[in-house]
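FYI, side chains are in, hydrogens and waters are out, and symmetry mates aren't considered; it's all heavy atoms of this structure. Count residues from 1 along the sequence. Please read these numbers as outputs of a predicted model, since none were measured by experiment.
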Amino acid sequence: MESFDAIVIGAGVIGSSVAYHLAHLGCKKVLVLERTQIGSGTTSQSSGILRTHYSVIENVRLAQASWQVFNDFQNYLGDADAASGLVQCGYLIAAPEGAKLAPLEASLKAQRAQGIEVQFLSREHASELLPIARFDDAALIGYEPEAGFADAYLVATSFARAARRQGVKIIEGVAVEKLLLEGGKVAGVQTSMGTFFSGTVISTQNIWATDIERWTGIPSPVVPERHSVLALEGPRAYTFQMPVCKDLGSPGMLYCRSYGGTQMLVSEGIAGETLPTPDNAQGDVSMDYMLEVGGQVAERFPSYETAGVASSWTGVYDVTPDWNPVLGRLPDLPGLVVGYGFSGHGFKLSPAVGRLLAQSALGLKTEVDITPYALERFRTGKLLTGKYGLGAVS
């Protein structure tokens, strides 16, 4: 079979970004292997929210670098037809008195120190921006005007198309069955359609990253976790001009955004249902869950007390013990580069992560230091745990 300069496993938004950046950085012969179709896995289940707000400063840096790409997506890819579905409506995050207040203030100040525009809002100003919500209990409200949401599937397919235009070969419907090793180094992959050779393999397998442990014996601390998302139909419009809302005062640390017209997309930012094996098939969304989340929504958005459920679906996170990804080379196995365990952050960080993993794979200095994301942190105890506790806000 054929030999390549680099092989990427997975064509979700991370893998497609890696492939594009490898080619853009001069890697001549790149192969991408996707078990189903481009962007059809966990990427297609993303809520698409874009923000640079994190309590882990390393994530802020990655999100900031990614936002610069999202904000100039067509020019970045050199493709006038590239689409991200970007809606720049802003991101509003609020906390009442209590345990979340100090972490929120510290995180907002850290964003500002990174040169990110962040505003501290009065309750009145927040109500002007999001008039369907109540903020009478808010002790602190932060607002990031250069934020919003986009479409993860469009971004993945745009990266993939740009990669193909630069000569990248993408094969869909092929399963990687084994990582080939020779002399203690990566030599290629064995797949359902034969063997492909390369001394550099980049795994972006998200919930299937446990394959790495099965192939190599190197621990892959990641579990699949299913989360439910609701689209609620309310009596008042949640327009595209209204900001994404993060409610740190709700039990589920809800995030909400416009889903068009009078519909709101809403989900919880806490732990979900741990699955025994990787599986991104649609799960059941129980009536109990709908009632629980609906009750939390009504506390913040009073008119949604009478809202109906327009649709619901599930998405699966690849979750690590500290809810942050593993990025970069694995020193125990030369030639293997990984990007997994995004724990709900993957789409937000995908442009920067794709560029940084490509740089790492090519032996280049990464523009942002990814050392804190090394697998070794789970052995040394230097975890990247967010100040809000475990959860997707990190």
Same apolar cluster: [X] and [Y], side chain cutoff 4.5 Å:
X    : Y    : result
V319 : L62  : yes
L104 : L130 : no
F197 : L362 : no
M253 : L230 : no
L77  : L154 : no

Cation-pi check for F135 against R123: NZ or CZ below 6.0 Å from the six-membered ring centre and within 45 degrees of the axis, yes or no?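 No.
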
With a distance cut-off below 6.0 Å to the six-membered ring centre and an angular limit of 45° from the axis, does K29 pair with F4 as a cation-pi contact?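 Verdict for F4: a cation-pi partner in K29.
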
Identify the two heavy atoms, one from [X] and one from [Y], that lie closest to each other, and give their separation to 0.1 Å.
X    : Y    : answer
G328 : S360 : CA-OG, 4.1 Å
G354 : S17  : CA-OG, 3.2 Å
E225 : T274 : OE1-OG1, 4.0 Å
Q263 : A231 : OE1-CB, 3.9 Å
A126 : I141 : CB-CD1, 3.7 Å
V189 : I7   : CG2-CD1, 4.0 Å

How many angstroms lie between atom [atom1] of [X] and atom [atom2] of [Y], to the nearest 0.5 angstrom?
X    : Y    : atom1 : atom2 : answer
L364 : L356 : CG    : CG    : 11.0 Å
K109 : E105 : NZ    : CD    : 4.0 Å
Y340 : T210 : OH    : OG1   : 9.5 Å
T366 : Q359 : OG1   : CD    : 6.5 Å
E376 : K382 : CD    : NZ    : 11.0 Å
L265 : S312 : CG    : OG    : 11.0 Å

Is it the case that the side chain of [X] and the backbone of [Y] share a donor-acceptor pair, with hydrogens and angles ignored and the cut-off at 3.5 Å?
X    : Y    : result
S66  : A352 : yes
S343 : G341 : yes
S46  : T43  : no
S203 : I9   : no
R35  : G41  : no
S198 : V201 : no
S55  : K387 : yes
D79  : A162 : no
T191 : M193 : yes
Q64  : Q114 : yes

Please table the atom pairs, donor to acceptor, closer than 3.5 Å between any side-chain atom in residues 168-187 and protein atoms at least two apart or in another chain.
from, atom 1, to, atom 2, distance (Å)
E172, OE2, I38, N, 2.9

Does the side chain to side chain donor-acceptor pair (under 3.5 Å) test come out yes or no for D369 and T371, once each step is laid out? CA-CA 6 Å; D369 183 17; T371 304; 2.6 Å; yes

Using a 4.5 Å cut-off on heavy atoms from C-beta on, say whether the side chain of [Y] contacts that of [X].
X    : Y    : answer
R134 : P302 : yes
L254 : R300 : no
L327 : V338 : no
C89  : M242 : no
R51  : I93  : no
F378 : P219 : no
P131 : R236 : yes
V60  : I116 : yes

Donor on one side chain, acceptor on other, [X] and [Y], under 3.5 Å:
X    : Y    : result
S40  : T36  : yes
D322 : T320 : yes
N59  : Y373 : yes
Y255 : S47  : yes

How are the rings of [X] and [Y] set relative to one another: parallel (under 30°), tilted (30 to 60°) or perpendicular (over 60°)?
X    : Y    : value
Y54  : H345 : perpendicular
F159 : H21  : tilted
F240 : F149 : perpendicular
W323 : Y317 : perpendicular

Take K28 and D5, measure what salt bridge (charged side-chain N to carboxylate O under 4.0 Å, His left out) needs, and give me the verdict at the end. CA-CA 7 Å; K28 299 298 183 184; D5 296 326; over 6 Å; no

Using the rule given for side-chain contact (heavy atoms from CB on, under 4.5 Å), can you reason through V8 versus E34, listing the C-alpha separation, both sets of side-chain angles and the distance that settles it, and then say yes or no? CA-CA 9 Å; V8 180; E34 166 54 45; over 6 Å; no

Please check if the distance between the ring centroids of F70 and F347 is under 6.0 Å.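 Yes, close enough.
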
All pairs passing side chain to side chain donor-acceptor pair (under 3.5 Å) where residues 150-159 contributes a residue, at least two apart: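 Sorted result for residues 150-159: empty, none.
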
Under the side-chain contact (heavy atoms from CB on, under 4.5 Å) rule, what do R226 and D279 come out as? Steps first, then yes or no, please. CA-CA 9 Å; R226 181 179 285 144; D279 181 7; 4.1 Å; yes

Applying side chain to side chain donor-acceptor pair (under 3.5 Å) to Q111 and H53, what does each step give before you reach the verdict? CA-CA 7 Å; Q111 282 181 276; H53 183 92; 2.8 Å; yes

Which residues share a side-chain contact (heavy atoms from CB on, under 4.5 Å) with Q88, sequence neighbours left out: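 With sequence neighbours excluded, Q88 shows a side-chain contact (heavy atoms from CB on, under 4.5 Å) to W67, N71, E146, given in chain and number order.
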
Report, as yes or no, whether the 6.0 Å neighbourhood of atom CD on E305 holds more than 12 heavy atoms from other residues, nucleotides or ligands.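 Not buried by this count: 12 neighbours or fewer within 6.0 Å.
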
Just do the side-chain contact (heavy atoms from CB on, under 4.5 Å) check on L375 and I218 with the steps written out, would you? CA-CA 10 Å; L375 177 63; I218 299 172; 3.7 Å; yes

Go through it in stages, so that I can follow the logic: the residues are V118 and Y143, the test is side-chain contact (heavy atoms from CB on, under 4.5 Å), and I'd like the CA-CA distance, side-chain angles, deciding distance and then a yes or no. CA-CA 6 Å; V118 174; Y143 179 61; over 6 Å; no

